[in-house]
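The next block holds one structure in the form of structure tokens; read it before the comments.
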Amino acid sequence: MYKKTSAANVEEYIHNTPVPQRQRLNQIYKLIQKTLPIREEKISYDMPAIIYKGKVLLFFAAQNHHIGLYALPETNVHFADSLKPYKTGKGSIQFPNNKELPLDLISKIIHFRIEAIESMSV
């Protein structure tokens, strides 16, 4: 379910989510911070957006029954086999709230998006 936010930044967005989802969002956010220390962040489409070299790296958001990760359609194509256990859309991935987050997979997605953006910058 879509949730409108009044958060001014990513930390406020995470802080304003219910505790179980907040912990999961924090796991993703810490992984992003560790992997990509230099980045821009903003709220766009009512969810955290991570920007790298002026391009969207990914979005992520808390939903009622899942954490949504939005890393563009080519990411879902590239990771099609790894994403089979999850509900996906054209460029979205749903990680159910009742299952552990696949942090290794999310890390690979972050690295894939970084490489894709860097290859555009050449």
Side-chain angles (χ1 to χ4, degrees):
M1 174 181 213
Y2 174 77
K3 293 181 181 181
K4 185 113 175 97
T5 184
S6 60
N9 56 51
V10 174
E11 279 125 6
E12 186 177 335
Y13 176 92
I14 292 171
H15 178 76
N16 290 340
T17 59
V19 172
Q21 292 162 309
R22 184 181 317 151
Q23 292 168 341
R24 296 166 65 76
L25 291 174
N26 266 321
Q27 287 180 295
I28 293 171
Y29 188 47
K30 287 179 183 183
L31 190 57
I32 292 166
Q33 291 173 312
K34 178 182 171 189
T35 306
L36 193 61
I38 299 173
R39 68 198 171 281
E40 294 175 56
E41 301 174 354
K42 65 181 182 177
I43 300 297
S44 181
Y45 301 105
D46 287 315
M47 63 184 131
I50 306 302
I51 313 297
Y52 178 58
K53 294 188 175 184
K55 308 278 187 216
V56 173
L57 185 84
L58 56 80
F59 297 90
F60 61 104
Q63 304 298 338
N64 288 338
H65 301 288
H66 67 273
I67 298 296
L69 188 72
Y70 310 91
L72 306 180
E74 62 267 19
T75 304
N76 285 20
V77 170
H78 183 81
F79 290 98
D81 287 340
S82 299
L83 294 174
K84 284 181 182 176
Y86 307 101
K87 184 174 181 183
T88 60
K90 186 175 180 181
S92 64
I93 308 162
Q94 294 182 10
F95 298 116
N97 287 335
N98 63 353
K99 296 189 177 164
E100 191 172 323
L101 280 173
L103 294 175
D104 287 341
L105 175 58
I106 295 169
S107 177
K108 289 175 186 174
I109 289 170
I110 293 167
H111 284 282
F112 175 79
R113 289 292 303 134
I114 290 168
E115 290 173 18
I117 291 169
E118 287 181 346
S119 72
M120 289 184 226
S121 301
V122 177

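Only this structure's heavy atoms are used, side chains among them; waters, hydrogens and symmetry mates stay out. Keep in mind it's a predicted model, so treat the numbers as computed, not measured.
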>> Given Leu69, which partner from the list Ile109, Leu105, Ile110 fulfils the side chain to side chain contact (heavy atoms under 4.5 Å, CB included) test?
In response: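 Answer after filtering Ile109, Leu105, Ile110: Ile109.
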Where [X] and [Y] come nearest, the two heavy atoms and their spacing:
| X | Y | result |
| --- | --- | --- |
| Asn97 | His66 | ND2-N, 3.2 Å |
| Ala61 | Leu25 | C-CD2, 4.0 Å |
| Tyr13 | Ala62 | OH-N, 3.0 Å |
| Ile43 | Thr5 | CG2-CG2, 3.9 Å |
| Gln94 | Tyr86 | O-CB, 3.5 Å |

> Hey, is NE2 on His111 packed in by over 12 heavy atoms from elsewhere, all under 6.0 Å?
Replying inline: yes
> Are there more than 12 heavy atoms of other residues, nucleotides or ligands under 6.0 Å from atom CG of Asn98?
Replying inline: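 Atom CG in Asn98 is crowded, with more than 12 foreign heavy atoms closer than 6.0 Å.
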Would you confirm whether [X], through its side chain, and [Y], through its main-chain N or O, come within 3.5 Å as a donor-acceptor pair?
| X | Y | value |
| --- | --- | --- |
| Arg39 | Tyr52 | no |
| Arg113 | Val56 | yes |
| Tyr70 | Ala49 | no |

>> Tell me whether the rings of Phe112 and His78 are parallel (<30°), tilted (30 to 60°) or perpendicular (>60°).
In response: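 Plane angle under 30°, so parallel.
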> Have Tyr29 and Glu41 got a donor and an acceptor in their side chains that come within less than 3.5 Å?
Replying inline: yes
>> Please enumerate all residues that pass side-chain contact (heavy atoms from CB on, under 4.5 Å) together with Lys30, with sequence neighbours excluded.
In response: Gln33
> Excluding sequence neighbours, so at least two apart, what forms salt bridge (charged side-chain N to carboxylate O under 4.0 Å, His left out) with Asp81?
Replying inline: Lys84
